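Just so it is clear, the structure is predicted and the values come from calculations on it, not from any experiment. Below, chains carry the letters A, B, ... as their sequence lines are ordered, and counting in each starts from 1.
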Amino acid sequence: MEHLLEGKKINKTFVTKGKETTALSDVSFYLDEGEILGIVGESGSGKSTLLNVVSGLIKADSGELFYGEENYIGKGPAHTGKFLRMIFQDAKSSFDPRMTMEKSLLESRRGKQDRGELSELIKAVGLEEKLLSRKVSDMSGGQCQRMSIARALYSEVGILLCDEITSAVDVSSQKQVVELLKKLNESRKLSCIFVSHDIALVSMLCGRIMIMKDGRCVEEGETAAVISDPKNEYTKLLIESAKKQSF
Amino acid sequence: MIRSVLKKLAEIIIILVVLSFFVFVLLYIAPGDPAEKRLTSQGIVVTKQVLDAERERLGLLKPFLVRYGEWLFSVIKGDFGVSFKDDMPVAPKLYKGLVNTCILAFSSLMLSLSLSFTLGVASAVKKDGIFDHIVRIFSFVANSLPNFLISVLLMYFFCIKLDIFPVIAAGDLQGLVMPVLSLAIPMTGRFTRQIRAEILNRMNEDYVTGMKGRGVKNRYIILNVVRNSLGHIFTIVALQIGTLMGGSVVIETIFRWPGIGKLVMDSISARDYPVIMGFVLIMGAIYVVVNSLSDVLDRTLDPRISE
Amino acid sequence: MIVFAAAVIIMTLFAGVFAPNDPYKTSATVIRTAPCADYPFGTDNLGRCVFSRVLYGGRTTIAATFFLVFVSFAIGTVIGMVCGYYGGIADRIFMRIADITLGFPQMVVAIAVAGILGAGMKGAMIALGITMWISFARLARSHTYSIKNEAYVKTVLFTGKSDFYIIMVHIFPNLMGPVLTNALTQIGTTMIGLSGLSFLGLGIIPPTAEWGSMISEARAYIQIAPWSVFYPAAATIITIIIFNYLGDVVMDYREAG
Amino acid sequence: MKEKTILNVKDLSAAYEDAEVLSSVNLSLKKGEMLCIVGESGSGKSTLLRTVCGDAQIKVKNGCVIYGDRDITKLKSCERQKVLGTKIGYIQQNPWGAFNPLRPYSIQFRETLKSHKKKYDAEKIAELFSILGLKDPESILKSRPYEMSGGMNQRIAIAASFILGPELLLCDEITSALDVTTASAVTDELLKLKKETEVTIVMVTHNIGIAANIADRIAIMYKGQIVECGERDKIINAPEHEYTKRLLADVPQLEY
């Protein structure tokens with residue numbers, strides 16, 4: 001079957017201070033249309049690097065990346081921006097402090113602008129239209145994060161890459177953002193890769209899950225199956241720790 | 001560690017070679033004919049023949065790179081050529097001046113460093129107290145005073161009005177006081193401000209809260225903060241070496257202190273190129289070496305600083 | 001303080017209006033006159049009005065300072081932004097040069113330039129500018145680098161906008177604040193440097209009025225006519241203090257957020 | 001367990017410069033219990049701990065904190081220095097926030113102990129280290145904090161607090177900066193230490209899930225006030241306040 005997005009044997013090594021750190025080794029993944037894929041790992045597991053490689057912000061050392069049939073490895077964000085958008089952890093710094101929300105949103109679309117659609121989208125993400133005239137300093141973290149989802153939607157792409165997008169907001173906003181993604185996934189067939197360190201959160205949102213550790217994918221499968229019957233030792237430990245935080 | 005020192009050493013050498021090349025190029029493109037200048041200054045009537053002979057003698061007719069090479073080699077051997085003014089070798093003059101300048105610069109550096117370190121740390125620890133306010137005002141004003149102004153004013157009050165110190169510094173201890181003060185006052189102001197800011201900055205680090213939470217005595221906390229700041233304070237000092245050099249040229253000229261700065265100021269009007277070149281090269285070398293040293297020191301004291 | 005700064009600038013800018021006498025008119029009859037109604041700050045060795053010369057001298061110093069700071073600001077910011085944005089080998093070479101020249105003895109450069117080209121405003125400006133633009137470039141570079149890594153610039157990358165657009169619309173306006181603050185704090189330092197060089201005879205050449213050179217000239221007869229040293233000295237110190245204070249205030253304000 | 005109150009916060013209001021962060025907080029601590037204060041960022045939970053420690057930036061507007069029979073918000077700094085550490089310990093969120101990152105642990109342990117006129121006892125340190133799962137205490141003590149991982153540093157910070165034998169330990173989000181697996185290990189070790197020493201612990205956290213698993217009592221903070229405080233079971237199973245209910249509903253739960 002043809003996947004919407006697919007990565008094969010991606011490798012990436014960073015060199016800092018003359019020391020080499022392997023961030024990704026032979027990582028493969030796929031994303032189907034209308035699916036939300038969760039990637040879980042702790043800091044240094046390579047999950048964010050993977051997302052950056054997929055988005056084109058970082059160039060991989062080797063491997064292949066497919067959007068449909070097109071191999072786009074080595075292409076930068078100017079190219080990948082035609083079919084995907086990335087949403088970052090720090091919602092507040094995702095907006096130019098000197099620009100109004102409206103300008104930021106309009107900037108994201110390549111084609112013809114449509115203000116009617118814009119105000120519709122703002123409502124779809126659960127925000128008020130008057131926020132469009134605000135600057136980032138007058139908005140809360142949760143509002144900003146929903147605004148950046150609206151911005152990605154306005155750019156008319158079908159794939160969202162979410163990098164720890166709920167880590168910096170409080171629990172109620174976190175819940176709202178997750179529910180919003182679920183809703184958009186159903187209503188607009190939005191496909192999404194959702195990276196997080198919080199396996200509980202991912203388990204609520206994603207149909208399929210990938211566990212990463214030390215630059216490798218250690219386990220992958222249907223979320224329910226992985227959580228109820230983990231095969232990998234590390235996955236077991238992760239789930240064990242997560243259970244200690246639930247009630 | 002050894003690798004990084006070697007790297008630094010190689011870097012210093014490259015910088016010095018580049019610097020010497022620039023100095024030589026500047027000389028090459030300079031207007032005026034040194035041979036002619038030299039002859040006139042010695043009172044010889046300039047004819048074509050005499051001029052050519054002089055040029056030949058000074059080696060001005062050889063190709064550029066050959067001249068540069070020869071000059072560089074003799075400089076490495078410690079020979080900076082002969083003065084255009086009096087045909088005496090330049091190196092001993094530069095050396096003698098350098099020793100005097102070092103006495104002056106080093107004394108004022110030590111004076112202002114010990115003062116500003118004490119003031120800076122104390123006012124940072126007692127932030128917003130009366131003492132801190134006084135130190136801040138003093139250091140702000142001192143930092144705003146050009147040292148040529150300070151020396152003129154000091155000279156007027158202490159040497160002319162009160163007649164405590166000699167107007168012309170003869171190179172002895174008594175003559176050293178005024179020049180040292182003139183150099184040290186603005187520098188103390190600058191250092192105090194920077195050291196105070198540095199310490200305050202480090203006082204905000206999380207571990208200070210952590211130590212207080214364990215009831216660690218203030219004395220130990222301050223020592224920890226100061227210890228961590230040392231590397232950066234050395235860098236601050238090293239970066240001011242340039243200002244110190246410039247300042248000593250001014251001060252030496254005003255107080256007629258027989259240092260290298262005064263020597264070079266006397267040479268500028270005479271277009272005595274070998275002296276000027278030697279001066280620029282020596283000053284550049286000192287600056288580069290001091291800054292590389294402070295860099296190495298900073299990295300040793302704080303290994304977190306990345307390459 | 002802004003009022004004082006504005007007053008200093010206006011007084012010197014319109015020196016022609018405020019000056020009671022011609023600053024260059026020598027007069028053998030009024031040599032070294034103590035301050036009086038006609039000559040508020042007295043006269044110098046050639047009988048020139050010190051007050052008028054202080055005003056005109058201020059114009060020279062302040063104009064040269066502003067010009068120098070502005071040129072350094074423009075050159076430094078552009079180079080800093082380009083280096084910070086594109087990175088790569090050119091950036092690394094630039095950073096090495098910047099590390100070395102930061103704090104490079106200006107006086108040594110001035111002496112080298114003056115020794116070869118002869119004394120003059122040009123040499124003094126080159127000597128000061130050679131290290132000053134670096135401070136702007138370093139600042140602009142580090143801010144460009146961090147802004148470039150901010151999520152909002154990364155987000156714009158996906159829209160396929162040109163580098164020029166990103167630099168002009170997103171980076172430049174966001175680094176103006178710190179860079180302009182630096183410009184303000186450089187004013188005092190530049191004045192100290194310029195007047196110091198003139199004092200040594202490496203900057204402005206007499207008879208053009210300039211504070212440093214006025215003090216240098218008058219130093220010789222300070223015992224007989226101390227006013228001809230004190231007034232330009234006071235003018236220098238007060239002006240520097242005003243601009244340094246302004247710089248401090250703006251800096252503190254920015255740090256407080 | 002004997003129900004003895006060791007700390008009493010009465011009607012406490014406090015502010016940073018002009019913004020009021022705590023308003024009329026009442027809280028009493030029983031000896032030997034584990035109290036978790038749960039709240040979101042900006043709720044004032046960390047400020048509450050810092051007020052007890054006597055942060056110079058926080059101005060107490062009203063109320064008091066009674067420890068022993070004194071109001072510890074009014075202590076002079078030299079008196080406070082004697083209380084902090086030996087009587088009341090404090091550990092913060094940043095794992096690198098307990099020690100000077102550039103100096104070996106051993107010197108810093110010595111400085112800590114010397115400040116309270118106590119002897120350096122290598123055996124006792126080794127014992128604490130082994131409970132905290134730190135192997136090879138000697139080589140650890142020789143190393144410097146910047147070379148160590150966050151989990152290691154937080155464990156050593158806990159050891160440094162326990163070496164002084166405090167009655168009361170204030171923990172400010174001490175596991176929030178750590179990975180989930182490390183965090184749960186550190187929490188387990190802290191509980192082990194608590195059992196051995198019978199220290200009273202106040203644990204501030206934004207994660208009600210952690211509180212539900214380790215607390216005896218839970219206090220919920222919202223906008224500078226304690227909106228609800230009670231036994232763990234009561235708060236988790238039968239919350240009364242709207243905010244508590246919302247918090248419990250919004251926390252992600254492992255679904256399977």
key: Side-chain donor-acceptor pair present, B/Glu252, B/Asn100, cut-off under 3.5 Å   =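 No pair is found: no donor N or O on one side chain lies under 3.5 Å from an acceptor on the other.
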query = Quick one: do the D/Asp136 and D/Ser139 side chains pair a donor with an acceptor below 3.5 Å?
reply =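 Judged by distance alone, the side chains do pair up.
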task = Examine D/Arg110 relative to B/Tyr220 and say whether NZ or CZ is less than 6.0 Å from the centre of the six-membered ring and inside a 45° cone about the ring axis.
result =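 No.
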Contacting region of [X] [heavy-atom separation from chain B under 4.5 Å]:
X	answer
D/Leu102	both
D/Ala160	both
D/Tyr146	side chain
D/Gln92	side chain
D/Ile88	backbone

inquiry  = Return the CG to OG1 distance between B/Asp302 and B/Thr235, rounded to the nearest 0.5 Å.
reply    =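 With rounding to 0.5 Å, CG (B/Asp302) is 10.0 Å from OG1 (B/Thr235).
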Main-chain N/O of [Y] paired with [X] side-chain donor or acceptor, under 3.5 Å:
X	Y	value
D/Thr200	D/Leu168	no
D/Asp71	D/Ile66	no
D/Gln93	D/Ser176	no

key: chain B contacts, top residue of D/Leu84, D/Asn100, D/Leu164 (heavy-atom pairs, under 4.5 Å)   =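 Between D/Leu84, D/Asn100, D/Leu164, the count favours D/Asn100.
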query = If you tally heavy-atom pairs under 4.5 Å against chain B, which of D/Glu147, D/His116, D/Lys87, D/Lys82 wins?
reply =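 Of the options given, most contacts go to D/His116.
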inquiry  = Looking at chain D, which one of B/Lys212, B/Glu205, B/Arg219, B/Arg227 has the largest number of heavy-atom pairs inside 4.5 Å, strictly under?
reply    =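 Heavy-atom pair counts peak at B/Arg227.
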message = If you count heavy-atom pairs within less than 4.5 Å of chain D, which of B/Asn218, B/Val208, B/Leu223, B/Val216 leads?
response =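 Between B/Asn218, B/Val208, B/Leu223, B/Val216, the count favours B/Val216.
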key: B/Arg202/B/Glu198 salt bridge by N-O under 4.0 Å criterion   =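 Looking at B/Arg202 together with B/Glu198, the answer is yes, because their closest N to O distance falls below 4.0 Å.
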request  = Sort B/Ile221 into side chain, backbone, both or neither according to what part of it lies under 4.5 angstrom from a heavy atom of chain D.
outcome  =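 For B/Ile221, neither part sits under 4.5 Å from chain D.
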message = Could you report the tightest heavy-atom contact between D/Pro145 and D/Tyr105, atom names first, then the distance?
response =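 Taking D/Pro145 first and D/Tyr105 second, the nearest heavy atoms are CA-OH, 3.2 Å.
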ask   = Mind checking which of residues 42-58 of chain D sit less than 4.5 Å from chain B, heavy atom to heavy atom?
value =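 Those residues of residues 42-58 of chain D which have a heavy atom under 4.5 Å from chain B are D/Arg50.
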task = Might you confirm whether atom OH of D/Tyr16 has over 12 heavy atoms from other residues, nucleotides or ligands at distances under 6.0 Å?
result =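 Yes, OH of D/Tyr16 has more than 12 neighbouring heavy atoms, counting only those of other groups under 6.0 Å.
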task = Return the set of residues passing salt bridge (Lys or Arg N to Asp or Glu O under 4.0 Å) with D/Arg80 (not counting sequence neighbours), or none when no residue passes.
result =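 None.
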